Each structure stands twice: as C-alpha cells, then as structure tokens.
Amino acid sequence: MSRRGWVLFGLMSVIWGVPYLLIKVADDGGVSVPVLVFARVAIGSAVLLPLAIRRGQIRVLAGRWRWLAVFAVVEIMLPWALLSDAERHLSSSLTGLLIAVVPIIGLVLARLTGGPERLTAARWAGLLAGLGGVALLAGPHLAGGSAWPIAEVMLVALCYATGPLIANRKLGDLPGLGMTAVCLAAATVVYAPAAALTWPARLPSAAVLGSLAALGVLCTAFAFVVFFRLIAEVGPARATVITYVNPAVAVALGVSVLGEPLTPAIVAAFALILSGSVLATRSGRSARRPAPRFRSADRPAVPD
C-alpha cells in the first residue's frame, strides 16, 4: 500500500476500536440506551447528511427505500441498542473481543444464503478456533447468570454479519456516503421519542458528554469519510483487514483507560478468535463476490 493508504489504515484500525470504550463510559454515566443511540446517530447524520446532499447522493437512492430500511435496522438501529445495553453488564474489552467473530459468522451466512464460498479444511479450522475463543470468554459469564448480555453481543455480531450481505447483494451500486447519511437520519427519527422519554434529569458529566460527542463525530461521521477514502486508496479487500486490529485496540483501551483486567483467558481467547477469523476468511478456490463498499460505525466491512 502507499504511505497514504497506511495512514488511512492506521486511522481506521484505531477509530473503530474506540466505540466500546466510549459506550462503556456513557453507560456508567447513567445515560439511557435510547439517549446514547440517539445522540450518536443524530450527530453522525448532522455531519454526513449535508455532505451527501451537496454531492447529490440522496436522489439516486429513490426506489430503494425498502432495502435501505432493512439495512438501517440490521446495521444501525438494532445492534447499536443491543451493544449499548450489553455493555452495562460486560467490560468493553470483552465486548470488543466477542464482536471479533463477525467475519466467522459472515462466512457461515454467506455459505447458507447461496454464496460461492467453500468450507475448506482451513476454514473449518478457523470456525472451530473462533467458537473455542467465544466459549472461553462467554463460559464464566454464562455460568454466573449473565447469559443475556452475552446473547445481546452475539446478536450484534449476527447483525453486523448480515448488514454487509444486504449491502453487497441489494444496495452495492449505491453511493456509500448517501446511504449511510440516510440510514443515520432514519435512526435519529426512530429513536427520538424513546430518547425524549428517557432524557436525563440533570446534565451528564463532561466525560459522558465527551464520549457521546466522540461517538457521533469521530466513530461515526469522521470514520465513514476516512473509510470511504481508504477503500478508494487500497481497495475494499485490503480495507477489511482492519477487522483484525480493532479488537486489540478495544482490549488495550479497556485495560489502560478503564482498568479492566487482562487475564490469561482473554489473551488466549483473542488468539483463538483472531486466528480463527483469519483462517475462516482466507481466499477459497471459488469465485469471490466483491466486498461491500461501505459499512456502519462499530465494525468494518468484512466478508461479514
């Protein structure tokens, strides 16, 4: 890759590893899930929608509203709420590691929905390794009665794996910036009533307000602009490799900033999930579909 490509790659690797920390800070600050999601999508749409309108990327979406609505629900509205609720009970580093199984789920979904992907021996090994890592992380929480937060994160991973399949097969010819802006705007409208009903009685702390602002500006609006440029610079296939770096960033921030524990189980699970994702998403012998052109804020466009 070019020097510019490496800079953009580094930025995205960090930016999409940060949301787990910011969500945890907002959760611990007493912000409700609807307010958290509303703040993020409202800020993101306020930044991206004028850019999309100025570039004429809204009119071309006419006639595709049904699939855009499905994509918005699967990729933004549902997973961001589930993720915010799960982190009320789970650490940010654990959540980031569990989400790292998205490429593995994506491979299985692509295969089950008629994709050309073949489950080779290497991919089977990757699937088993990834599942082993999830079991290692989730086991103690399931035994301790925290099954629902784990289930929420797994549902988020399922959504993040489904969204790009919809984008690739139903919306792949549309401009990513315009699609993202419209989906964020729709999510803003949907979450506005619930956010109004659960609005905090007093002004949150500066740390919480900063986290909400960073989620909307840095991890949503700015992240998409950078990601589109990364795809243009290095191509969609190389751009997806940030998937393998984001979990490490999430763990590093959780441990260093929030003081979350770095246990041998977390290290072992990270190794299993990372190696499993790499093996599961290796190129097969069959023809490959083009990678999606865009992606939402918490996770990159993987073969997810």
Side-chain angles (χ1 to χ4, degrees), residues 16-17 19-21 23-24 27 33 36-37 70-113 117 119 123-167 240 243-244 246-251 254 260 263 265-266 268-281 295-304:
W16 272 342
Y20 307 101
L21 167 68
I23 290 172
K24 188 66 174 178
D27 277 341
V33 170
L36 197 162
V37 178
V70 173
F71 179 79
V73 171
V74 170
E75 191 68 14
I76 296 174
M77 297 182 194
L78 182 60
W80 288 6
L82 290 171
L83 190 64
S84 300
D85 187 62
E87 284 205 46
R88 294 177 178 272
H89 309 281
L90 304 175
S91 68
S92 64
S93 53
L94 173 62
T95 306
L97 282 181
L98 289 173
I99 293 293
V101 300
V102 168
I104 297 175
I105 298 176
L107 170 66
V108 175
L109 287 179
R111 186 71 181 89
L112 292 177
T113 55
E117 294 79 4
L119 292 179
R123 284 180 165 177
W124 273 112
L127 292 174
L128 294 176
L131 291 175
V134 170
L136 185 60
L137 286 174
H141 294 274
L142 296 177
S146 300
W148 174 239
I150 296 293
E152 284 183 306
V153 178
M154 290 295 96
L155 286 173
V156 172
L158 178 62
C159 288
Y160 282 167
T162 304
L165 285 177
I166 296 173
T240 63
T243 304
Y244 307 134
N246 297 152
V249 174
V251 172
E260 296 174 350
T263 64
I266 289 179
F270 174 72
L272 285 171
I273 293 174
L274 179 61
S275 59
S277 295
V278 173
L279 287 173
T281 55
R295 174 66 191 154
S296 92
D298 280 345
R299 296 291 305 167
V302 290
D304 105 310

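Given the structure is predicted, the values throughout are model-derived calculations rather than measurements.
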Side-chain heavy-atom pair Trp148, Asp85 within 4.5 angstrom cut-off:
yes
Would you check if the side chain of Lys24 reaches a backbone N or O of Pro19 as a donor-acceptor pair within less than 3.5 Å?
no
On a heavy-atom basis, the closest approach of Ile273 and Gly133 is CG1-CA, 3.9 Å
Go through the structure and list residues passing side-chain contact (heavy atoms from CB on, under 4.5 Å) with Ala248, not counting sequence neighbours.
Phe270
For Tyr20 and Leu83, what are the C-alpha separation, side-chain angles and deciding distance, and is it a side-chain contact (heavy atoms from CB on, under 4.5 Å)?
CA-CA 9 Å; Tyr20 307 101; Leu83 190 64; 4.1 Å; yes
Nearest heavy-atom contact between Cys159 and Glu75 is O-OE1, 3.7 Å
Side-chain heavy atoms of Arg88 within contact of Val33, under 4.5 Å:
yes
Between Leu78 and Leu82, is there a side-chain heavy-atom distance shorter than 4.5 Å?
yes
Side chains of Leu165 and Phe71 in contact at under 4.5 Å (non-hydrogen atoms):
no
With heavy-atom distances below 4.5 Å as the criterion, would you say the side chains of Pro247 and Leu274 are in contact?
no
Note: Ser84 and Leu36 closest approach over all heavy atoms is OG-CD2, 3.6 Å
Do Ile150 and His89 come close enough that some side-chain heavy atom pair is under 4.5 Å?
no
Give the minimum heavy-atom separation between Gly126 and Ile104, together with the two atoms involved.
O-CD1, 3.9 Å
Distance-only criterion, 3.5 Å: show the donor-acceptor pairs between side-chain atoms of residues 93-103 and protein atoms not counting sequence neighbours.
{"from": "Ser93", "atom 1": "OG", "to": "Ser91", "atom 2": "OG", "distance (Å)": "3.4"}
{"from": "Ser93", "atom 1": "OG", "to": "Glu260", "atom 2": "OE1", "distance (Å)": "2.8"}
{"from": "Thr95", "atom 1": "OG1", "to": "Ser91", "atom 2": "O", "distance (Å)": "2.8"}

Value rounded to 0.5 Å, distance of CG in Leu136 from CD1 in Ile266
9.5 Å
State the CD1-CG distance between Ile105 and Leu109, to the nearest 0.5 angstrom.
7.0 Å
To the nearest 0.5 Å, how far apart are CG in Leu21 and OG in Ser92?
5.5 Å
Residues that Glu87 engages under side chain to side chain donor-acceptor pair (under 3.5 Å), provided they are two or more places apart:
none
